[in-house]
Amino acid sequence: MSRDPRGWPCPTGAEMRAIDADAIARLGIPGRTLMESAGRAVAEAIARRYPEKCRPLVACGSGNNGGDGYVIARVLASQGRGVVPRVLEPARLERQSPESKANRDLLAAAGIECLRAEGATEIRAALAGCDLIVDAVFGVGLDRPIEGTAALLLRELAGSRLPIVAVDLPSGMSSDTGLPLGFALEPELTVTLGLPKLGLGLAPSAGEVLVADIGLPSDSIERANVRAHMLTRAAARAFLPSRPLGGHKGTFGHALVVGGALGKTGAALLAAHGALRAGIGLVTLAAPRSLVPIFASQLAEAMCLVLEDSGSGELAAAHAPEIRREAEARDALVLGPGLGQSEGAAVLARELATKVGVAAVVDADALNAFAGALDSLRASAPRILTPHPGEAARLLGSDTAAVQADRAGAARALASRSNAVVVLKGARTVVANPAGELSINLTGGPGLAAGGSGDVLAGVLGALLARGLTAWDAARLGVHLHGLAGDLGPAQGGLASELAARLPSAWQSLASEEAANEPGTLRPLA
C-alpha cells in the first residue's frame, strides 16, 4: 500500500469488507492467499514480541478471523522454536468458510489438536499451562452484543491474566465505534490486517497496534473512498509551517484572545500562553479594566485591549463593536476560554463567532452560547470548534452518552451543521471537516488530564490559524502537537502551564523525527 499523506486510512467494517471483496473478485487475489498472508504476519509479530513464549492458546472463532488463527497456530508450530500451540474453537462450526475449513484441515494434518469451547471447565482446561493467548475469535464482522458461550469464552480468556495478542481487532470491539459489544478483550498487542479499522483509532484499549501488510492493492483501497484517517507523525509533520530566518514578530501572526471573566482569568491566560508557545508572534488579551492587573502580572508577553467595565470583571454585549474592530485587525481570534455564561457574555459570543471576518477558534463558553442552536453557528471566515463531549451534546441537543457512543458520527454532524472544522476532544480526539472527512489523533493521554489543557489547545489552534494554516490543517497539526506535549510530560499529569511550556519541545521533536511508516511487513500506527 502506498503511503497516504493524510495518515492511515481507517475503514469501517463494511468498508474493509468491500476492500477485501474487491481485491478477491476484481483483481483475482484468492481469499485463501489473503488468509495465509494474514496468519503469517501475525505469527511473525508474535515471534518477535514474545520469543520466550512456547505454549500459546490460539482461540479461534467460526468466521475468517478463526481461519487466520488456524494459520497462526500452524506457522508458530513450524518455526523451529519449540512452540507447541493449543487451538480452542467453538463447539459448533457450521458456518465455516471454505478458506477457514481448508486451514483447519491443514492444522489437523500437522498433528495439532483443536479443542472445543463447550463450557467454562473445557476453556479453563485448555488454558492450563499456556503462557500467551492469541485472540482470533471475532473480527470486523461482529455487529451485535456477544452473549452465551462466546461471552463466556471472552470472559474466561480475560480472567486468565495472560498476555493477549488480538488478530485484526480485539474480540468484542465494534470495528466502527471502538466500543465493546457487551464485552471486549483488552490485549497487550493488536496486529491489524491490511489497514487499521476505525474502531481501533477511536478506542485506546487495543494496546500497541501494528499494521500487517497482507498484499491489499492500493487501488482496492482507493475505490472504497475511506473518509477517515489516523494522523501519523509523518502526516502531521507535513503541516508544520516554516519559520524563515529573516522573520520577526509580525511575520508569525497576531491573535486576539477573548475570555477570562472574573474567577476564570486563568483560562484566557493559558490560551495566550499556548499561542505564544506554539510560535505566534503577538498575542493581545481583551480585558475588562478591572482585570488588567491580573493579566499583566501573570503574562508579561501578552498585550491587553483594555475595555471599560463596571467592576464586574465580565465582557458583555456592549463590548462587541470594539472587540470586533480589534479582531478584524488581527490574524486570528480565540473566543471563549473562561468567558463566562452570563447572558451578556453569550450575546457577545454569538456576535463575534458569527460576524468577525477573520479565522477563529470557538471554544468553551462561546460554544455554550450556541447550545441547541448549532445551525446558527455559521460564519463566512474559517472556524474551528473545540467541544468536549458535554459541550458537543449541548450543541447537538443530545446527551454525552449518545456523543460517546458514536464519536465519529457526532463530529461529522457538528462539522456539517456548523460548516466549521470540529475538534471533538477526548481520549482519542476526532477532527472533522464539513465535507465529512475525519482525522483521528493518536497523541495525548493521561498527561492531558489536567484542568486548563483545553485552554492551551485553543491557543495553539489560534496560533496556527494566525500563521496562515487552513482551519483543517491547523486543527490536525494543533491536536497532534498538543497531545505530543502531553506525552513528553509525566503520565500522572501536571499543570496546564507546564503542558504549554513543553510545546516548543513537541514542535522540535516532530520536526526532527525521521518519517514514520517506512515500508515493511509490520508497521506501527504512529
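The structure displayed is predicted, hence computed values, not measured ones. Count residues from 1 along the sequence.
For the residue pair Ala45 and Val191, the shortest heavy atom distance occurs at CB-CG2, 3.8 Å. Closest heavy-atom contact between Ala327 and Val356: CB-CG1, 3.9 Å. For the residue pair Ser174 and Leu169, the shortest heavy atom distance occurs at C-CD2, 4.4 Å. Across all their heavy atoms, Phe295 and Gly259 have their closest contact at CZ-O, 4.3 Å. Between Asp487 and Gly445, the shortest heavy-atom distance links the atoms OD1-N, 3.9 Å. Of all heavy-atom pairs spanning Ser290 and Pro293, the tightest one is O-CD, 3.8 Å.
Under a 3.5 Å cut-off, the side chain of Arg428 and the backbone N or O of Gly444 do not form any donor-acceptor pair. No donor-acceptor distance shorter than 3.5 angstrom exists from the side chain of Arg289 to the backbone of Ser310, with no hydrogens or angles considered. Listed for the Ser416 side chain is no donor-acceptor partner under 3.5 Å among the backbone atoms of Ala413.
Ion pairing between Arg476 and Asp473 holds under the 4.0 Å rule for side-chain N and carboxylate O. Contact check on Arg417 versus Asp375 returns a salt bridge, with a Lys/Arg side-chain nitrogen under 4.0 Å from an Asp/Glu carboxylate oxygen.
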Steps toward salt bridge (Lys or Arg N to Asp or Glu O under 4.0 Å) verdict (Asp363, Lys425): CA-CA 11 Å; Asp363 181 53; Lys425 295 181 284 194; 3.7 Å; yes
Val403 vs Leu424, side-chain contact (heavy atoms from CB on, under 4.5 Å): CA-CA, chis, key distance, verdict: CA-CA 10 Å; Val403 170; Leu424 179 56; 4.2 Å; yes
Step-by-step side-chain contact (heavy atoms from CB on, under 4.5 Å) determination, Leu315 to Leu307: CA-CA 8 Å; Leu315 297 174; Leu307 300 162; 3.5 Å; yes
Pair Arg330-Val358, side-chain contact (heavy atoms from CB on, under 4.5 Å): steps then yes or no: CA-CA 8 Å; Arg330 305 299 165 223; Val358 298; 5.9 Å; no
Working for side-chain contact (heavy atoms from CB on, under 4.5 Å), residues Leu385 and Val423: CA-CA 6 Å; Leu385 315 185; Val423 172; over 6 Å; no
CA sep, side-chain torsions, deciding dist, call: Arg49, Glu208, salt bridge (Lys or Arg N to Asp or Glu O under 4.0 Å): CA-CA 11 Å; Arg49 180 59 57 83; Glu208 183 181 355; 3.0 Å; yes
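One distance of note links CZ of Arg394 with CG of Asp399; it measures 12.0 Å at 0.5 Å rounding. Leu442 contributes atom CG, which lies 12.0 Å from atom CG of Leu484 (distance to the nearest 0.5 angstrom). Note that CZ of Arg6 and OG of Ser439 are 10.0 Å apart. Values are rounded to the nearest 0.5 Å. The CD atom of Gln404 sits 10.0 Å away from the CG atom of Leu202 when rounded to the nearest 0.5 Å. Taken from CG in Leu395 to CG in Leu414, the straight-line distance is 6.0 Å, to the nearest 0.5 Å. To the nearest 0.5 angstrom, Leu142 atom CG is 8.0 Å from Ser175 atom OG.
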Quick one: side chains of residues 332-348, donor-acceptor pairs under 3.5 Å with protein atoms, not counting sequence neighbours, listed by atom name and distance.
| unit_1 | atom_1 | unit_2 | atom_2 | d |
| --- | --- | --- | --- | --- |
| Gln341 | NE2 | Asp365 | OD1 | 3.3 |
| Ser342 | OG | Glu314 | OE1 | 3.2 |
| Ser342 | OG | Ala345 | N | 3.1 |
| Glu343 | OE2 | Arg350 | NH2 | 3.1 |

With a 3.5 Å cut-off and sequence neighbours excluded, list the donor-acceptor pairs that the side chains of residues 263-286 form with protein atoms.
| unit_1 | atom_1 | unit_2 | atom_2 | d |
| --- | --- | --- | --- | --- |
| Thr284 | OG1 | His254 | NE2 | 2.8 |

Exercise answer: donor-acceptor pairs, residues 179-190 side-chain atoms, under 3.5 Å, sequence neighbours excluded:
| unit_1 | atom_1 | unit_2 | atom_2 | d |
| --- | --- | --- | --- | --- |
| Glu188 | OE1 | Tyr50 | OH | 2.5 |
| Thr190 | OG1 | Ala206 | O | 2.8 |

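A donor-acceptor contact closer than 3.5 angstrom links the side chains of Asn441 and Thr443. Between the side chains of Glu322 and His319, no donor N or O sits under 3.5 Å from an acceptor N or O. Between the side chains of Asp406 and Thr177, no donor-acceptor pair of N or O atoms lies under 3.5 Å. Between the side chains of Lys197 and Thr192, at least one donor N or O lies within less than 3.5 Å of an accepting N or O.
By the 4.5 Å heavy-atom criterion applied to side chains, Asp20 and Leu216 are counted as neighbours. Residues Thr251 and Lys249 are not in side-chain contact: their nearest non-hydrogen atoms beyond the backbone lie 4.5 Å or more apart. A 4.5 Å side-chain heavy-atom check between Leu477 and Leu510 finds at least one atom pair inside the cut-off. Residues Val460 and Leu464 form a side-chain contact, since some pair of their non-hydrogen atoms from C-beta on lies under 4.5 Å apart. No side-chain heavy atom of Met16 sits less than 4.5 Å from a side-chain heavy atom of Thr12. Using a 4.5 Å cut-off on side-chain heavy atoms (C-beta onward), Leu469 and Pro241 make contact.
The 12-atom threshold is exceeded at CD of Glu328, counting heavy atoms of other residues, nucleotides or ligands nearer than 6.0 Å.
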